[in-house]
Amino acid sequence: IGFPPAGLHTDEREASRLYLPLFLRTFMVEKFYRDFDPDMLHALDRVQTAILEHGVFAEAMPRGKGKTTTAEGAMIWAAAYGHRACMMIIASDQAKANDIISNIQSVCEGQCEKFCEAFPEIHHPVYSLEGRNQRAQSQHIAGTPTNMTWKADKIVFPTVGEQPSSGIVIQAKGITAKGIRGYNHHGKRPDFVLMDDPQDDESAVSEDQNKKREKIVLGTVMGLAGHDKKISAVMTCTVIAYDDLAERFLDRENHPEWQGYRTKLVDAWPKAKRLWDKYADIWREDIQEGKGIGRATEHYRDNQAAMDKGAKLCSTLLYDKDCEISAVQHAFNLRLEVGETAFESEYQNQPKTVDVSIYDISPALIQSRIAERSVLTVPDWAKVSIVATDINQYGLHSSMVAFGNDQTAGVIWYGRLDKKGRPLAPKNTPELQKKQLIYEALVRHGEMITAAKKDIDGWLIDGGWL
């Protein structure tokens, strides 16, 4: 192919070299068409710091705020100016990571016109592929290979003379994919990692998956640069559930090195509760009848000044102008649509937790209650030992619990009697025969209990299934 044409917009290109927000608003205006609000500027500043200098940051943004698009723009900026040599984008799975690569490629191919005019050393070789990515392997400029890679999961930017983007690498990986540990490209190890929503709905509620992904981030990802250089990393995320992966890295006590920061869609709700309660009643009634939100919007329009009083949002620009009047109304509509629990997690990054009580169960709570005591050893503080048995279709299940005078309790034995997955009393067993089978099972189970410990003070049997 021929040499790239001369670049345009040279002054703006130079002005954007060290300022990511200006680059995005100037050269990617098709994607960044709104002015940045203070929260977004804060996030962009942290990404910029991590790329130009060094930093490890976790940044929580509301769902739909543009995390992924921001990640894509930051990667393009870092590559275009040669701020980083080898970068990795990590998402919740390989498909989502590849989507980010595809979006970056679309910008370089022509989606953002001004970018392509200002950076012809990138656009010209890419455009010359004409959609046939296999051509990259043999592409030359006046006999010199561009050494470009243009794959679904990897980009190596074309080598064009001494241009700063020449040979810059962006590799995409799903967080649990093989090939992250020890990754290098012809001796280049990653020097910047951007993790974009590295969890999904399933993993966020799984203790095992959260632990696994946390271990991958701390061990595998943070070790990518090797021993002689610290890696910079940014995690853009949205909280999905209490104590999920995002929450763990946002917690400054748990991971202070990540300098976790949360932004909310709504910083303060309006004070006109009665007016908004009426809005919600109208909204629900009309939505149920398939009438849309027109009547609720009119109620809001008639009372907007009062209904907006006291509200503080991250941006006044986030609303659907076709059917909504303001960002305040949009926030209320979202909360009505998704429910308060989901809204608090995904738009406020503050998941609701159940009020603490003796019935709350969590891994941390269970660990705190484990005693270094062998089976059938009664604690010194115990005064009474009771066995409780539950009868169900598949067996008898028992726990032996020792109690102290202050209602402290400890499990000292548990066991069961069943028929290895088969019902004790098969379906349609006559009632009299069923009771006889259960009685015989209780006799055997009682013998098992007394063999385990003779001096029990009582045996409670839940016979509700009978």
Side-chain angles (χ1 to χ4, degrees), residues 200-212 240-244 288 339-342 345 351-466:
D200 55 28
D201 291 343
E202 179 183 344
S203 72
V205 296
S206 166
E207 174 67 15
D208 287 343
Q209 290 194 52
N210 282 322
K211 278 188 176 180
K212 178 181 179 181
I240 298 174
Y242 176 73
D243 198 34
D244 65 6
Q288 288 173 0
E340 188 170 355
T341 299
S345 292
K352 283 182 154 307
T353 57
V354 179
D355 291 339
V356 176
S357 75
I358 60 172
Y359 300 107
D360 288 334
I361 300 296
S362 69
L365 179 63
I366 292 172
Q367 287 178 330
S368 73
R369 299 298 190 268
I370 293 175
E372 297 295 331
R373 184 172 60 242
S374 59
V375 175
L376 294 174
T377 299
V378 179
D380 293 338
W381 45 259
K383 303 300 180 184
V384 177
S385 296
I386 300 292
V387 176
T389 298
D390 175 69
I391 301 173
N392 58 59
Q393 182 180 1
Y394 289 97
L396 310 177
H397 298 77
S398 297
S399 293
M400 186 181 298
V401 183
F403 291 91
N405 288 339
D406 61 353
Q407 298 187 19
T408 300
V411 176
I412 59 175
W413 176 88
Y414 58 89
R416 68 180 186 181
L417 185 145
D418 59 26
K419 297 176 70 173
K420 297 182 180 180
R422 291 181 292 121
L424 287 175
K427 191 176 181 180
N428 300 324
T429 299
E431 190 66 21
L432 188 61
Q433 184 181 352
K434 183 176 82 169
K435 290 183 177 181
Q436 181 64 34
L437 291 169
I438 295 298
Y439 173 78
E440 292 171 357
L442 281 169
V443 170
R444 295 196 304 274
H445 196 46
E447 292 170 350
M448 183 170 67
I449 291 169
T450 54
K453 185 170 178 59
K454 296 184 182 301
D455 54 337
I456 62 171
D457 298 292
W459 185 12
L460 306 177
I461 300 171
D462 181 357
W465 183 73
L466 291 172

Could you list the donor-acceptor pairs under 3.5 angstrom formed between side-chain atoms of residues 374-388 and any protein atom two or more places apart in sequence or on another chain?
{"residue": "Ser374", "atom": "OG", "partner": "Thr377", "partner atom": "OG1", "Å": "2.6"}
{"residue": "Thr377", "atom": "OG1", "partner": "Ser374", "partner atom": "O", "Å": "3.3"}

Please report the shortest heavy-atom distance between [X] and [Y], naming the atom on each side.
| X | Y | result |
| --- | --- | --- |
| Thr429 | Lys434 | CG2-N, 3.7 Å |
| Pro351 | Ser345 | CB-OG, 3.3 Å |
| Met448 | Arg416 | CE-O, 3.4 Å |
| Ser399 | Tyr414 | OG-CB, 4.1 Å |

Give, for atom CZ of Arg444 and atom CD of Glu440, the distance between the pair rounded to the nearest 0.5 Å.
6.5 Å

What is the distance from atom CD of Gln436 to atom CD of Glu431, rounded to the nearest 0.5 Å?
12.5 Å

Where do Val401 and Ile412 land on the side chain to side chain contact (heavy atoms under 4.5 Å, CB included) test, with the steps shown first?
CA-CA 6 Å; Val401 183; Ile412 59 175; over 6 Å; no

Going by the rule side chain to side chain contact (heavy atoms under 4.5 Å, CB included), which residues pair with Asn210 if we only count those two or more places apart in sequence or in a different chain?
Gln199, Asp244, Leu245, Arg248

Taking side chain as C-beta onward, heavy atoms only, is [X] less than 4.5 Å from [Y]?
| X | Y | answer |
| --- | --- | --- |
| Trp413 | Ser398 | yes |
| Ile456 | Met400 | yes |
| Leu437 | Tyr439 | no |
| Ile391 | Ile461 | yes |
| Glu207 | Asp243 | yes |

Spell out, as yes or no, whether a donor-acceptor pair under 3.5 Å connects the side chain of Thr450 to the backbone of Gly446.
yes

Between Ser206 and Asp208, a side-chain donor and acceptor under 3.5 Å:
no

Worked check of side chain to side chain contact (heavy atoms under 4.5 Å, CB included) between Thr389 and Trp459:
CA-CA 8 Å; Thr389 298; Trp459 185 12; 2.7 Å; yes

